[in-house]
Amino acid sequence: MPELPEVETTCAGIAPHITGQLLRKVEVRDGRLRWPIPEDLNEIVAGQTLVKVTRRGKYVLMHFQTGGLIGHLGMTGSMRIVTADEPPAYHDHFDLCFDDCLVRYRDPRRFGSLLWQDYPLEEHALLADLGPEPLTDDFNVDVLHTACKGKKQPIKTLIMDSKKVVGVGNIYANEALFMAGINPNRQAGRVSRKRLAVLVEAIKQVLADAIKQGGTTLRNFVDSEGNPGYFKQQLQVYGRTGKPCRHCGEALIEVRLGQRSTVYCRHCQR
DNA sequence: AAATTCTCCTGAAGGC
DNA sequence: TGCCTTCAGGAGAATT
């Protein structure tokens, strides 16, 4: 499942191949994604030149002349560069056909999306209310402290709320909370400012480390097979229910928070 | 207003 | 071996 680091890796992987190129056509084989791919998308964007590729949260933004494509990889989406003679496989739902190559989108569970927005892109409903980027200075202890003030919701669900901060998925939320020594169940408003500062740094570090990992698996990513980057990194808690905490040895426990599996150490995380 | 639950989907994994 | 059920989860929508 693509998390922010995988999206970052995807953007970095496709950008050099398509930046400055003319988009000839959007070839949609199955437009039934999270939201249907707009019927008139090809009419709008075909013939426009790609100016740049950026990322906002987990959204891939392809900036053209009059607006941009807003892509999301959902749970199982991937974008890779292929040549025009490569036949599409099952679940390859659309191609962005540029002059020299195609961006081929594959997504078995179809939780992803492809939408269009005229400039300015941030006016799109999906982008308008997003919180700060976690790896910039816009995400800091002041912002998080304000967001947590008076909140009774668990700290874990708060940091996974894209209106508070973008790009913190379930895996990295688990890992960051372990790194910060904070119990995922703890009410957000009852985490001290000092500990929130530690959490901010943990989130930044976990994501930055994963981007480094993602960078190392870029080739796999483009090749097709290969595990996503986070499988290669040393996960401390996610997927380790019942196994010994790497700090104290106590068995890690799992609970459900907001329908998401939450793993933590009762001893190390308060 | 805030917090929780539901929803989309398919492939993998587990049970018998 | 095969069929069934359960689970995973991003994140907006719906509900409490």
Side-chain angles (χ1 to χ4, degrees), chain A residues 1-11 29-38 55-61 70-79 89-94 105-115 117 122-134 144 146-177 184-191 203 206-207 210 214 224-231 235 237-242 254-263:
Chain A
M1 57 222 79
E3 294 241 15
L4 182 147
E6 285 72 34
V7 179
E8 181 80 19
T9 300
T10 296
C11 291
R29 283 176 290 272
D30 188 347
R32 298 173 303 160
L33 302 185
R34 169 97 197 254
W35 294 281
I37 295 176
R55 176 188 61 72
R56 179 75 173 99
K58 294 179 186 170
Y59 291 97
V60 176
L61 306 181
I70 301 175
H72 197 290
L73 304 178
M75 287 289 304
T76 54
S78 65
M79 290 183 185
Y90 188 40
H91 293 318
D92 286 346
H93 302 311
F94 69 80
Y105 180 77
R106 175 170 200 157
D107 187 2
R109 295 188 192 177
R110 295 196 272 112
F111 275 16
S113 53
L114 181 71
L115 300 167
Q117 171 66 38
E122 57 272 19
E123 282 190 2
H124 195 282
L126 293 176
L127 306 178
D129 298 321
L130 293 180
E133 286 289 329
L144 187 58
T146 300
C148 288
K149 198 163 290 184
K151 294 292 190 299
K152 293 187 172 179
Q153 125 194 70
I155 184 66
K156 177 168 180 263
T157 58
L158 186 140
I159 61 174
M160 290 181 68
D161 179 351
S162 63
K163 291 184 172 55
K164 305 299 193 300
V165 55
V166 298
V168 182
N170 191 42
I171 295 172
Y172 296 125
N174 278 296
E175 295 298 312
L177 285 163
N185 291 295
R186 177 172 284 274
Q187 291 183 14
R190 292 182 177 270
V191 183
I203 289 170
V206 162
L207 291 176
S224 75
E225 262 308 300
N227 295 320
Y230 56 81
F231 276 127
L235 293 176
V237 286
Y238 183 83
R240 297 193 66 244
T241 305
E254 176 169 346
V255 298
R256 307 291 296 177
L257 274 184
Q259 321 298 109
R260 297 293 172 264
S261 85
T262 302
V263 188

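Note: hydrogens, waters and symmetry copies are ignored here, and every other heavy atom, side chains too, is used.
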TODO: Let me have a per-nucleotide readout for nucleotides 10-16 of chain C, 5' to 3', with B, S or -, counting only protein heavy atoms under 4.0 Å.
DONE: BBB----

Let me check something: any side-chain donor-acceptor pairs from residues 122-132 of chain A under 3.5 Å, sequence neighbours excluded? List them with distances.
residue, atom, partner, partner atom, Å
A:H124, ND1, A:L126, N, 3.0

- [ ] Enumerate the residue pairs fulfilling salt bridge (charged side-chain N to carboxylate O under 4.0 Å, His left out) with a member in residues 146-159 of chain A, sequence neighbours excluded, ordered by first and then second residue.
- [x] none

Open item on the list: I want to check one thing: is the phosphate of C:dG9, taken as OP1 and OP2, less than 4.0 Å away from some side-chain N or O of A:Y238?
Closed with: yes

Open item on the list: Once you apply a heavy-atom cut-off of 4.0 Å, does A:P154 come out as touching a base, just sugar-phosphate, or nothing?
Closed with: sugar-phosphate

TODO: Return the minimal non-hydrogen interatomic distance between A:I159 and A:V168, and the atom names on each side.
DONE: O-CB, 3.4 Å

TODO: State, to 0.1 Å, how close A:E3 and A:G167 come at their nearest heavy-atom pair, and which atoms those are.
DONE: OE1-O, 4.3 Å

Open item on the list: Is it the case that the side chain of A:Q153 and the backbone of A:Q187 share a donor-acceptor pair, with hydrogens and angles ignored and the cut-off at 3.5 Å?
Closed with: no

- [ ] Please list, in 5' to 3' order, the outermost nucleotides of DNA chain B lying under 4.0 Å from any heavy atom of chain A.
- [x] B:dA3 to B:dG11

Task: From CG (A:L257) to CG (A:N170), nearest 0.5 Å - done: 9.0 Å

- [ ] Take atom CZ of A:R29 as the centre, draw a 6.0 Å sphere, and report whether it contains more than 12 heavy atoms from other residues, nucleotides or ligands.
- [x] yes

Open item on the list: Could you work out, with side-chain contact (heavy atoms from CB on, under 4.5 Å) as the rule, every residue matching A:P36, not counting sequence neighbours?
Closed with: none

Task: side-chain contact (heavy atoms from CB on, under 4.5 Å) evaluation trace for A:N174 with A:T262 - done: CA-CA 6 Å; A:N174 278 296; A:T262 302; 3.8 Å; yes

Task: Sub-4.5 Å side-chain heavy-atom contact between A:Y105 and A:L114 - done: no

Open item on the list: Within the 4.0 Å heavy-atom criterion, would you say A:S261 contacts the bases, only the backbone, or no part of the nucleic acid?
Closed with: sugar-phosphate

Task: Angle of first-five versus last-five pair axes in the helix from B:dA2-C:dT16 to B:dC16-C:dG2, to 10 degrees - done: 60°

- [ ] Name the nucleic acid region contacted by A:R256, choosing base, sugar-phosphate or nothing; use a 4.0 angstrom heavy-atom cut-off, strictly under.
- [x] sugar-phosphate

